[in-house]
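Encoded as C-alpha cells, the structure appears first; notes follow it.
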2 protein chains.
Amino acid sequence: MPAQDRTGGYDRHAYEPFAVTVDLAVLTVRDGVLHVLLVERGQEPHIGRWALPGGFLLPHESAETAARRELAEETGLADVAGPHLEQLRTYSDPGRDPRMRVVSVAFTALLPDAPEPRGGGDAAQARWLPYGAPGPLAFDHDRILADAHDRVGAQLEYRSVATAFCPPEFTLGELQQVYETVWDTALDRPNFRRKVLATHGFVEPVPGAARLTGGRGKPAALYRAGTATTLHPPLLRPSREGRPA
Amino acid sequence: MPAQDRTGGYDRHAYEPFAVTVDLAVLTVRDGVLHVLLVERGQEPHIGRWALPGGFLLPHESAETAARRELAEETGLADVAGPHLEQLRTYSDPGRDPRMRVVSVAFTALLPDAPEPRGGGDAAQARWLPYGAPGPLAFDHDRILADAHDRVGAQLEYRSVATAFCPPEFTLGELQQVYETVWDTALDRPNFRRKVLATHGFVEPVPGAARLTGGRGKPAALYRAGTATTLHPPLLRPSREGRPA
DNA sequence: CTCTTAATAGTCACTACGACTATAAAGAGG
DNA sequence: CCTCTTTATAGTCGTAGTGACTATTAAGAG
C-alpha cells in the first residue's frame with residue numbers, strides 16, 4: 001500500500017501501518033469479590049503470565065464488533081443479547097508489545113455472576129480470577145485493568161451500570177453488594193435503599209415476587225433494571241472529604 | 001510484514017495492518033460562544049468541507065504524542081506547557097473513510113480564549129468556527145465533535161476542567177460563562193459563586209487583584225485554578241427533572 | 001448626579017443525606 | 001415451640017447543599 005500525502009483534515013503525513021487489537025476487561029461480582037476474565041499466555045513474551053482476553057481486528061470489523069466477537073469466543077455465552085460493553089480507551093505506547101507496533105482499543109464488559117467460561121474452540125482457556133490476585137499481568141494489562149476498575153467505579157455514581165452486574169431480577173441487597181465490591185466500601189443499607197428507590201428509573205419492582213437470599217433472613221423484594229441510564233440524583237461514593245485531588 | 005498466529009492473550013488471529021490517525025476536537029469559548037478549531041479540506045473526498053485537525057501517527061509515536069504534535073503544528077502555540085488534552089474515544093467503523101481502512105483515536109483539547117491559529121507551515125490553515133455553524137463536517141467528524149461536546153459538558157459537573165478554558169487568572173464571571181456556554185443554560189450568579197467557592201480546591205483567590213470586566217460594573221476579584229481535579233461536591237447541571245433517560 | 005451594569009452578600013424554604021433506631025419476617029438450634 | 005440470629009424494610013433527626021430570591025456595593029456612561 002503506497003504512502004499517501006493528503007491535505008486538509010487528518011491526512012497530512014505519509015502513514016505507517018499498525019496492528020490493531022482489542023483488549024477486554026471483563027468484570028463480574030462473585031460472592032462479594034470482583035472477578036476478572038483472564039487467559040494464560042502460552043507463548044513468549046510473558047509466557048505463563050495472565051493476560052486480558054482480546055485479539056486482532058478482522059479486516060471489515062469495527063473495534064466494537066471485534067470486542068463482541070472476542071467476548072463470545074472467550075466465554076461462549078455472550079452471544080445472547082450481549083452484555084454491557086463499553087469502550088474504555090486506546091493504548092498506543094510504542095513498546096507496549098516488544099515484538100511490534102500494536103495499537104489496542106480496550107473495552108470494559110460487565111457480566112452477571114460468573115458463568116464459568118467454556119473456551120469457544122480456542123487453545124487458551126479463559127478463567128475468572130479475583131481482581132488483583134494473579135500477580136502482574138502481561139504487557140500493559142495491569143494498567144488497562146486498573147483504568148477499567150477506575151472507570152466502572154466512577155460510573156456507578158452517575159450511571160445505572162450496576163444492574164449490568166446483576167441477573168435480570170435482583171434484590172436491593174445484591175445491587176448494594178455490587179457497589180460495595182467495586183468501591184471496596186461498606187454502605188449503610190437503609191440509606192442505600194432510600195437513594196436507589198428515590199432515583200427515578202434506576203430500578204422497578206417486580207410485583208409480588210420475593211427471593212430468599214440463601215435461606216436466612218426476611219425474603220427480599222425483587223427488582224428489574226429501570227429505563228434510566230443516568231442517575232438523578234447521582235449515588236455518590238461516601239466520604240471523599242479530606243481527599244482534595 | 002507476515003501475518004502471525006499467536007495464542008494466549010490478544011494474539012490469536014492473523015492480523016491486518018491499519019492506518020492509525022488522531023483527530024482533535026479543540027474547543028474554546030470566545031465571547032460566550034463555543035468555538036471549534038477546524039481545517040478546510042483541499043482534496044477529495046469531502047473537498048471544501050470542514051474537518052477536525054489531525055493526522056497519522058508517526059512510527060514511534062503514541063497517540064497522545066501525535067495529538068500534541070498535531071495540535072502544535074495546527075495552532076502554532078500549543079508547545080508551551082501544553083493545553084488540557086484528553087483521549088475521547090477511538091472510531092474504527094469500516095467505511096468511515098471511503099478510501100481505506102483508518103482507525104482514528106480522537107482527543108479533546110480545551111484552550112483559553114481563541115488565539116487565532118497561525119498555520120505551522122502546512123497548506124491547510126486552521127480556523128476557529130462557532131460550534132455547529134459550518135454545516136456537516138467531513139467523514140464522521142460531526143459525531144466525534146458531538147461526542148466531545150457531550151463529554152466536556154459532563155466533565156464540567158465533576159471535574160475542574162472549566163479552568164482549562166480560562167486564562168491563568170480569571171474572574172468567577174468568566175468561569176460561569178464557560179459553564180453557560182458549554183451547557184447552553186443560564187445560571188444564577190450568586191448561587192454559582194457560592195458553589196464554586198464551597199468546592200475545595202477548585203479555585204484560589206489572587207490576593208488583592210481585580211479586573212475590570214470590560215469597563216462596566218463593579219470590578220471582579222481574580223482567581224487561579226486550584227489543585228483539585230475532581231469537584232466535591234459536584235457542580236451539577238440544573239433541572240434534569242422530567243428527563244428520565 | 002443619576003442610571004446602568006456587574007459583583008458580591010445574604011435569606012429562606014426545601015431536598016438530600018449520613019447516622020441512627022425500630023420493626024418485620026424468615027431459618028437455626030435447642 | 002421458643003428464642004436467637006439474620007436480613008429486609010420503615011422511620012427519625014440534624015445537617016449540608018441548593019434553587020429562587022432580595023439587597024448592597026462599586027465601577028463607567030450620560
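Proteins come first, then strands; the chains are lettered A, B, ... in the order of their sequence lines, and each starts at number 1.
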Report yes or no: do B:Asp147 and B:Tyr91 form a side-chain donor-acceptor pair below 3.5 Å?
yes

Using only heavy-atom distances, determine whether the side chains of A:Thr163 and A:Ser160 contain a donor-acceptor pair under 3.5 Å.
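Result is no, nothing qualifies.
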
Using the side-chain contact (heavy atoms from CB on, under 4.5 Å) criterion, which residues pair with B:Leu235? Sequence neighbours excluded.
B:Tyr179, B:Phe192, B:Lys195, B:Val196, B:Phe202, B:Leu231

Specify the separation, in whole Å, of atom [atom1] of [X] and atom [atom2] of [N].
X: B:Leu235; N: D:dG17; atom1: CG; atom2: P; result: 12 Å
X: B:Leu231; N: D:dG17; atom1: CG; atom2: P; result: 14 Å
X: B:Leu172; N: C:dA9; atom1: CG; atom2: P; result: 10 Å
X: A:Leu187; N: C:dC20; atom1: CG; atom2: P; result: 15 Å
X: A:Arg193; N: C:dA22; atom1: CZ; atom2: P; result: 19 Å
X: B:Arg237; N: D:dG19; atom1: CZ; atom2: P; result: 14 Å
X: B:Gln176; N: D:dG19; atom1: CD; atom2: P; result: 12 Å
X: B:Leu236; N: C:dC17; atom1: CG; atom2: P; result: 10 Å

In Å and rounded to the nearest 0.5 Å, what is the CZ to CG distance from B:Arg127 to B:Leu37?
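It comes to 10.5 Å.
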
Given that B:Ala198 and A:Tyr223 both sit by DNA chain D, which one's nearest nucleotide is further toward the 5' end?
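Comparing both residues, the 5'-ward one is A:Tyr223.
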
Identify whether the distance between the nearest side-chain nitrogen and carboxylate oxygen of B:Arg89 and A:Glu64 falls below 4.0 Å.
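Salt bridge present between B:Arg89 and A:Glu64.
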
Aromatic contact, A:Tyr131 with A:His149 (centres under 6.0 Å)
yes

Can you see if the side chain of A:Arg216 gets near the phosphate of D:dT5 - specifically, an N or O under 4.0 Å from OP1 or OP2?
no

Distances for protein N/O vs nucleotides 20-24 of chain D N/O pairs under 3.5 angstrom?
residue: D:dA20; atom: N7; partner: B:Asn191; partner atom: ND2; Å: 2.8
residue: D:dA20; atom: N6; partner: B:Asn191; partner atom: OD1; Å: 3.2
residue: D:dA20; atom: N6; partner: B:Arg194; partner atom: NH2; Å: 3.2

